[in-house]
Amino acid sequence: MSNDKIKSLSSILLPPLPYVDNALEPVISANTISFHYGKHHKGYVDNLNKLIAETEFADMTLEKIITETAGKADKTAIFNNAAQAWNHTFYWRSLRPKGGGEPPAVLKKKIEASFGALDVCKKELATAAMAQFGSGWVWLVLDSNKLKVVKTANADLPLTKGIKPLLTIDVWEHAYYLDYQNRRADYVNAVLDKLINWNFAAENLG
Ligand code: MN
């Protein structure tokens, strides 16, 4: 077995999309998916594998790479690519065809206890998405047994703060520009109404 072959076994993989590339239409087009998954997400994974080859990070899990490089000025490129690889996999799973609607009972109860009502939770997610200046992510998280909405800039993620993410929405322009141009609110509201995967969020409650 060649060295290249051995190395490829321990590299970070691009997970398959959990649905076909036109499954989220008409909210997110197959064209957007082809660039977002096929170029952006794949690009982060490919860059990361180049950056970690033959380093102390080569055999670490993605999560370990993220926590080991977070906040370290000389490891920014590795952190950014690792975090973006993780964030995108989490984002694809935060969406599903025929999503939206009512969360499973256990999650709905928790949402009502934390926000008062599901609509308030959705509105907080949309407001945070609009308030994020430039590229980033909005998250529904579990923090000290309470659900909260948080936003992060660029590649940043709740994982590094010890907060448990339940779901995320990508608000980088590449997530919506082909379908919505500058109308971020239209993208976010359509995702919340028609694609958001409350089942995934409920699973993450643990
Ligand atoms: Mn993205």
Side-chain angles (χ1 to χ4, degrees), residues 14-45 80-81 83-104 107-108 111 114-115 117-141 147-159 163 165-204:
L14 176 68
L17 266 186
Y19 28 72
V20 295
D21 66 356
N22 65 354
L24 305 182
E25 290 188 338
V27 177
I28 296 174
S29 66
N31 191 33
T32 288
I33 296 281
S34 77
F35 283 95
H36 198 180
Y37 173 74
K39 305 286 183 195
H40 291 278
H41 190 179
K42 183 177 186 298
Y44 296 125
V45 173
N80 283 340
N81 284 284
Q84 284 294 81
W86 193 96
N87 290 346
H88 281 88
T89 298
F90 200 77
Y91 169 65
W92 302 126
R93 298 179 68 198
S94 296
L95 310 178
R96 70 179 177 98
K98 300 195 176 81
E102 293 284 303
L107 176 62
K108 196 176 179 201
I111 286 174
S114 300
F115 297 96
L118 176 63
D119 276 354
V120 179
C121 172
K122 287 168 68 178
K123 205 166 176 173
E124 277 200 29
L125 283 162
T127 302
M130 291 312 291
Q132 175 54 39
F133 186 79
S135 297
W137 301 82
V138 291
W139 309 80
L140 180 66
V141 301
L147 300 189
K148 288 178 187 166
V149 168
V150 298
K151 54 188 167 63
T152 59
N154 300 313
D156 226 348
L157 68 173
L159 214 65
I163 299 169
L166 303 184
L167 61 77
T168 193
I169 302 174
D170 188 340
V171 295
W172 284 56
E173 281 187 349
H174 67 224
Y176 59 88
Y177 217 83
L178 292 175
D179 297 328
Y180 297 86
Q181 293 76 50
N182 61 326
R183 292 175 283 117
R184 184 188 284 187
D186 290 355
Y187 153 73
V188 169
N189 285 318
V191 163
L192 285 168
D193 287 338
K194 298 186 177 116
L195 298 182
I196 207 75
N197 188 350
W198 295 120
N199 296 342
F200 177 62
E203 283 166 28
N204 289 325

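Because the structure is predicted, anything quoted here is derived from the model rather than measured.
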Separation between [atom1] of [X] and [atom2] of [Y], rounded to the nearest 0.5 Å:
X: Ile196; Y: Leu140; atom1: CD1; atom2: CG; answer: 8.5 Å
X: Leu195; Y: Tyr187; atom1: CG; atom2: OH; answer: 9.0 Å
X: Glu173; Y: Gln181; atom1: CD; atom2: CD; answer: 10.5 Å
X: His36; Y: Asp179; atom1: NE2; atom2: CG; answer: 11.5 Å
X: Trp137; Y: Ile169; atom1: CH2; atom2: CD1; answer: 10.5 Å
X: Ile163; Y: Thr152; atom1: CD1; atom2: OG1; answer: 10.5 Å

Checking [X] side chain against [Y] main chain: does a donor-acceptor pair fall under 3.5 Å?
X: Tyr176; Y: Ile28; answer: no
X: Asn197; Y: Arg93; answer: yes
X: Gln132; Y: Ser135; answer: yes
X: Thr89; Y: Ala85; answer: yes

Solution key, residues 121-130 side-chain donor-acceptor pairs under 3.5 Å, sequence neighbours excluded:
unit_1, atom_1, unit_2, atom_2, d
Lys122, NZ, Asp193, OD1, 2.9
Thr127, OG1, Lys123, O, 2.8

Nearest atoms (heavy-atom pairs only) where [X] meets [Y]:
X: Ala83; Y: Ala155; result: CB-O, 3.3 Å
X: Lys151; Y: Ala131; result: CE-CB, 3.8 Å
X: Pro165; Y: Pro158; result: CB-CG, 4.2 Å
X: Asp156; Y: Trp139; result: O-CZ2, 4.1 Å

Side-chain heavy atoms of [X] within contact of [Y], under 4.5 Å:
X: Leu167; Y: Asn204; result: no
X: Thr32; Y: Tyr180; result: no
X: Leu118; Y: Trp198; result: yes
X: His41; Y: Tyr91; result: no

Start with the C-alpha distance between Asn87 and Thr168, add both sets of side-chain angles, then the distance that settles side-chain contact (heavy atoms from CB on, under 4.5 Å), and finish with yes or no. CA-CA 8 Å; Asn87 290 346; Thr168 193; 5.8 Å; no
Show, in sequence, the C-alpha distance, side-chain angles and deciding distance for Leu14 and Tyr37, and conclude whether the side-chain contact (heavy atoms from CB on, under 4.5 Å) test is met. CA-CA 9 Å; Leu14 176 68; Tyr37 173 74; 3.6 Å; yes
Tell me whether Arg96 at atom CZ has more than 12 heavy atoms from other residues, nucleotides or ligands lying less than 6.0 Å away.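 Atom CZ in Arg96 is packed in, count exceeds 12.
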Do His40 and Trp172 have side-chain atoms, one donor and one acceptor, less than 3.5 Å apart?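 No donor-acceptor contact under 3.5 Å links the two side chains.
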Can you label the angle between the His88 ring and the His174 ring as parallel, tilted or perpendicular, going by 30° and 60°? tilted
Tell me whether the rings of Trp86 and Phe90 are parallel (<30°), tilted (30 to 60°) or perpendicular (>60°). parallel
